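Please read all numbers here as calculations on a predicted model, not as lab measurements.
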Amino acid sequence: MSRYIRRAAALCAVLLIGLLANATRVQILQSARYEDNPANRRQMITRYEVPRGDILVDGRPVTGSRDTGGMFRHTRTYTDGPLYAPVTGFASQLYGTTLLEHTEDALLSGTDPLLDPFPLWNGVLRKRIPGGHVVTTLNGAAQRAAYQGLAGRAGAVAAVEPTTGRILALVSTPSYDPGELSGTSPSAARAWKRLNGDAARPMLDRAIRQTYPPGSTFKVVTAAAALEAGVVTDLDAPTDSPDPYRLPGTTTELTNETDDCTDASLRYAFTWSCNTVFAKLGVEVGLKDMTGTAANFGFDGRKLRVPFAVAPSTFDAKLDASQLALSSIGQFETRATPLQMAMVAAAVAGGGDVRAPYLVERTTTKGGETVSTATPRTLHRAMSATTAEQLREMMTDVVQEGTGRNAAIPGARVGGKTGTAQHGVDNSARPYAWFISWAQADDALEPAVAVAVVVEDASGRQGEVSGGGDAAPVAKAVMEAVLNSRPYGRG
């Protein structure tokens, strides 16, 4: 009898070991597989059982959480959703997260290890940590001024603080309300289908994810290259520039929209935007120095994050002479995001340094204790301080007496550059209107803001579209909003 008992005991021991081994395999070795299985709703239920942390502008939340009492208990809400959508993105139970809601998801949802000082103890108690808060660098008044200035037209605005890289405004229109995608109701699914099917692409973040031909605003980069390379040594000396200018190796003649561009000085050509002068200058500088200067301003950088990814702006490194001429006036294959062109203006205003743009000032716990803080850093040295000062002079001339007079602000020094970018088959489409600028209050030691504005569907007939008429007033409104905010010298 004892022999049968021993056999039964041995069999039970084998079964127990097998059960333990299988439990170990399922709960440890294959835990990730089951946790990530789409059929497992426990993570989603747990994720939304507590309110999500908030995204703050000027110290006030522009997001919130609403208790539905359902399975996915808390849904995301947005204050002024269309205004801040290019920054917040959306957090949806059905469609995931984007932009800040995505890059800061761990902190906002309370799963970031930095939020939990006692992870083992709270793990035993299965205690959920409240989501933290994301404090942005945005200036609410500037954001609203940009949004209202575009007035529903397709376009974008980016504004940065030249000395730090802090992003003060990031606007894209037409926009959308991310709150429409919250929850699991059929209305969220209908909103998703409608927004994705909209030809105006309201969910496209034009400020950071769309590139445009920058047109004459790129002449800032070409002027910097010419000055740095020694091709131009005197801003007021005549240049050997014909009007019209025949593109090298072709029979195509490049013309101007303004008069007196023949042999014009760099200062005059910059103030009145002479295409012929800058196309010829780009060829004289040469492809190597032009691509090098563009790279120093941030073009062709592939890893820029603010913290979400920014589409790379490009200046082609393989060009013949005629293509280089066109690229040097912001046409051909030259492409830039509005944020990149704001960085160009900021480099001029900031003495030649290109600061890394950033959108998150700091993150905190729900109780307000700091979790992390941003540290300003320099990405590149775009040009010497002397060249930057010369460009500031010329950009100031543009606003005081040239094509950018609509951006002038009493009590402040303002520099700018207009641009009208051709596009479409044979340049048949209505041009994009550009304006990049910076502003410094008369009683301030440093510039307060650098701005880039692009308007896709500018008003007027094709030949009447201009950066000075369509984009400069928007930039002026944004700059005034910043200057009137403390501590920029006018508040």
Step by step, work out the side-chain contact (heavy atoms from CB on, under 4.5 Å) result for T337 and I208.
CA-CA 6 Å; T337 62; I208 60 158; 5.8 Å; no
Let me see the working for V62 and V87 under side-chain contact (heavy atoms from CB on, under 4.5 Å), right down to the final yes or no.
CA-CA 11 Å; V62 297; V87 174; over 6 Å; no
Are T88 and R76 close enough, and set up right, to give a side-chain contact (heavy atoms from CB on, under 4.5 Å), and what steps lead you there?
CA-CA 11 Å; T88 63; R76 198 57 152 163; over 6 Å; no
Let me see the working for L150 and V455 under side-chain contact (heavy atoms from CB on, under 4.5 Å), right down to the final yes or no.
CA-CA 8 Å; L150 287 173; V455 182; 4.1 Å; yes
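In summary, the side chains of N256 and T258 do not present any donor paired with an acceptor at a separation below 3.5 Å, with no hydrogens or angles considered. In summary, the side chains of T97 and D105 do not present any donor paired with an acceptor at a separation below 3.5 Å, with no hydrogens or angles considered. If you check the side chains of S384 and E228, you find a donor sitting under 3.5 Å from an acceptor.
Side-chain N or O atoms of N139 include one that pairs as donor or acceptor with a backbone N or O of A142 at under 3.5 Å. Between the side chain of Q323 and the backbone N or O of S327, no donor-acceptor pair lies under 3.5 Å. W434 contributes no side-chain N or O that, together with a main-chain N or O of K417, makes up a donor-acceptor pair within less than 3.5 Å. Looking at S485, its side chain does come within 3.5 Å of a backbone N or O of A481 through a donor-acceptor pair. Side chain of R52 to main chain of E101: a donor-acceptor pair is present (N/O by atom type, distance under 3.5 Å, no hydrogens or angles). Between the side chain of D320 and the backbone N or O of S322 there is at least one donor-acceptor pair closer than 3.5 Å. The backbone N or O of V57 lies less than 3.5 Å from no partner atom in the side chain of R60, so there is not a single donor-acceptor pair. Using a distance-only test at 3.5 Å, with no hydrogens or angles considered, a donor-acceptor pair links the side chain of H133 to the main chain of D54. A donor-acceptor contact shorter than 3.5 Å links the side chain of T137 to the backbone of Y358.
In this structure, OG1 in T136 is found 10.0 Å from CZ in R362, a value given to the nearest 0.5 Å. T173 contributes atom OG1, which lies 11.0 Å from atom CG of L83 (distance to the nearest 0.5 angstrom). To the nearest 0.5 angstrom, E361 atom CD is 10.5 Å from L138 atom CG. For the atom pair CG (L181) and OH (Y78), the distance works out to 8.5 Å, reported to the nearest 0.5 Å. Going from atom OG1 of T291 over to atom NZ of K318 covers 12.0 Å, rounded to the nearest 0.5 Å. Within the model, atoms OH of Y268 and SG of C261 stand 6.0 Å from one another, a figure rounded to the nearest 0.5 Å.
Between V399 and G415, the shortest heavy-atom distance links the atoms CG2-C, 3.7 Å. Scanning both residues, S175 and P86, for their nearest heavy atoms gives OG-CD, 4.3 Å. When every heavy atom of V231 is checked against every heavy atom of E284, the shortest pair comes out as CG1-OE1, 3.5 Å. When all heavy atoms of G282 and S328 are compared, the closest pair comes out as CA-OG, 3.3 Å. Taking both residues in full, the closest heavy atoms of A448 and L483 are given as CB-CD2, 3.9 Å, listed atom of the first, atom of the second, then distance. The shortest non-hydrogen separation linking D58 to G140 is OD2-N, 3.0 Å.
Residue pairs meeting the side-chain hydrogen bond (donor to acceptor under 3.5 Å, both in side chains) criterion with at least one partner in residues 202-224, sequence neighbours excluded, are R206-E456, T211-R335, Y212-E456, S216-K219, S216-S273, K219-S273, K219-N275. Residue pairs satisfying the ring pair (Phe, Tyr, Trp, His ring centres under 6.0 Å) criterion with at least one member in residues 274-307, sequence neighbours excluded, are listed as follows: F218-F299.
Remark: R267 engages E393 in a salt bridge, criterion side-chain N to carboxylate O under 4.0 Å.
A 4.5 Å side-chain heavy-atom check between F308 and L359 finds at least one atom pair inside the cut-off. Contact annotation: the side chain of F332 approaches that of L319 to within less than 4.5 Å [non-hydrogen atoms, C-beta and beyond]. With contacts defined as side-chain heavy-atom distances shorter than 4.5 Å, the pair M394/T271 does not qualify.
Applying the salt bridge (charged side-chain N to carboxylate O under 4.0 Å, His left out) test to E401 and every residue at least two apart in sequence or in another chain returns nothing. Partners of R392 by salt bridge (charged side-chain N to carboxylate O under 4.0 Å, His left out), not counting sequence neighbours, listed by chain and number: E389. Residues passing the side chain to side chain donor-acceptor pair (under 3.5 Å) test with S241, sequence neighbours excluded: T239. For R194, the salt bridge (charged side-chain N to carboxylate O under 4.0 Å, His left out) partners are E180, not counting sequence neighbours.
Screening L339, L168, V306 for a side chain to side chain contact (heavy atoms under 4.5 Å, CB included) with V160, the sole residue that qualifies is L339.
Atom NE2 of H380 sits in a crowded spot, with more than 12 heavy atoms from other residues, nucleotides or ligands closer than 6.0 Å.
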